Amino acid sequence: MTSVTMGEGNTPLVESVHIGPALGMRRLMFKLESCNPTGSYKDRFVAAEVARLLRTGATSCVATSSGNTGSSLAAYCARYGLTCAIAVNQSAPAGKLQQMQAHGARIIRVRDFVSDPRITQRVFADLYQFSVARNAPLVVSAYRHCPEGMAGVESLGHELADFAAHVFVPVGGGGLFTAVARGIGDRARVHAVQPARCSTVAAAFIRGDDEIRPVHSTTRISGLAVPFDIDASLALRYLRACRGQAFAVDDEEVFEMQRAMLAHEGIYCEPAGAAAIAGVRRALDRRIVRRDEPVVCIVTGHGFKDPDSIAEAAAGHPDRVVEPAQLTGVLMNIL
Ligand SMILES: Cc1ncc(COP(=O)(O)O)c(C=O)c1O
């Protein structure tokens, strides 16, 4: 069997040129998971999971996705000849949906899936039953459902182990956090950053107990709206084990950091990809991180994924149409 790969992993680790210095930090780095083949860290998961599917002789699969798992799965299924059907939440961003559709995946947008915990649980139960009855494996990027695929994400932790004292990870369901913490082991402290409007892991950590309480998600950060326990309990365990902290941040802080990444770092990321930096700011304020310590933020997804979130930043720099003869004069006004 040919190996399942499109060159995922070993993504660039680049130094911050503006945000870090502006915060007084000596070494802030960005791990550009947006540079994976389909634009998010999910390619590490999907490459490992599709390898498993092919080994078991599967010819089709069903999946759930808030967007990035679906984009990635659609691409790898197209490449390796699998048919896939993906249940997606209603508000999945256009970039992610188009990616799935362009690769030929069958998309079903399910009303209130993901935002409402009761409906989400019901959809999971229906998909699970369907998957067993039709012998079509269920692909969900979480240890609870697909541990072998998630082990593929642990490479991200291995790649960071020598570079950071602190790693900041955006958290939705908690699988990514768990994978990074497992991959790093005891070589760095790993911190969780979650939207306050969908706080499961962070809420339990802040309360100081072990109970993951389902919430009604109102966050607009695509990918981080997972309102009940998929891998949240597991992530909470690893969070405590690796001496991490949890930060519940406002959506506005995340959008602000996304605009800072675009305008001052040249990094084109989706909102979830900028969430980690919002956590760093909080950690500096609370003196959890010292300004001379090396810190890595995981930039989990590409800006092309979520064009609506980019539109606001772009609106500040409108274009204009000019006659050819006006070009030099206009340029003189700009530069
Ligand atoms: C861009 C991005 N960042 C972070 C996450 C969070 O991963 P997890 O749900 O495993 O916590 C996701 C999940 O879909 C995502 O798409």
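Remember, it's 1-based here, ligands and their atoms both numbered in the order they're listed. Each residue takes its place number in the sequence, starting with 1. Please read these numbers as outputs of a predicted model, since none were measured by experiment.
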Go ahead and list the nitrogen or oxygen contacts between ligand 1 and the protein that come in under 3.5 Å, distances to 0.1 Å, or just say none.
from: ligand 1; atom 1: 3 (N); to: Thr300; atom 2: OG1; distance (Å): 2.8
from: ligand 1; atom 1: 7 (O); to: Tyr41; atom 2: OH; distance (Å): 3.0
from: ligand 1; atom 1: 9 (O); to: Gly173; atom 2: N; distance (Å): 2.8
from: ligand 1; atom 1: 10 (O); to: Gly175; atom 2: N; distance (Å): 3.1
from: ligand 1; atom 1: 10 (O); to: Leu176; atom 2: N; distance (Å): 2.8
from: ligand 1; atom 1: 11 (O); to: Gly172; atom 2: N; distance (Å): 2.8
from: ligand 1; atom 1: 11 (O); to: Gly173; atom 2: N; distance (Å): 3.2
from: ligand 1; atom 1: 11 (O); to: Gly174; atom 2: N; distance (Å): 2.8
from: ligand 1; atom 1: 14 (O); to: Lys42; atom 2: NZ; distance (Å): 3.0
from: ligand 1; atom 1: 16 (O); to: Asn68; atom 2: ND2; distance (Å): 2.8

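- A donor-acceptor contact shorter than 3.5 Å is absent between the side chain of His103 and the backbone of Ala105.
- Ala63 meets the side chain to side chain contact (heavy atoms under 4.5 Å, CB included) test with Leu73, Ile86, Val139; sequence neighbours excluded.
- For the side-chain hydrogen bond (donor to acceptor under 3.5 Å, both in side chains) test, residues two or more places apart in sequence or in another chain that qualify with Asp292 are Arg290.
- Note that CZ of Phe177 is 4.5 Å distant from CG of Leu239, once rounded to the nearest 0.5 Å.
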Which atom pairs, one a donor and one an acceptor, fall under 3.5 Å between side chains of residues 160-169 and the rest of the protein, sequence neighbours left out?
from: Asp162; atom 1: OD1; to: Arg187; atom 2: NH2; distance (Å): 2.3
from: His166; atom 1: ND1; to: His191; atom 2: NE2; distance (Å): 2.9
from: His166; atom 1: NE2; to: Glu293; atom 2: OE1; distance (Å): 2.9
from: His166; atom 1: NE2; to: Glu293; atom 2: OE2; distance (Å): 3.4

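- Rounding to the nearest 0.5 Å places NZ of Lys96 at 5.5 Å from OG of Ser66.
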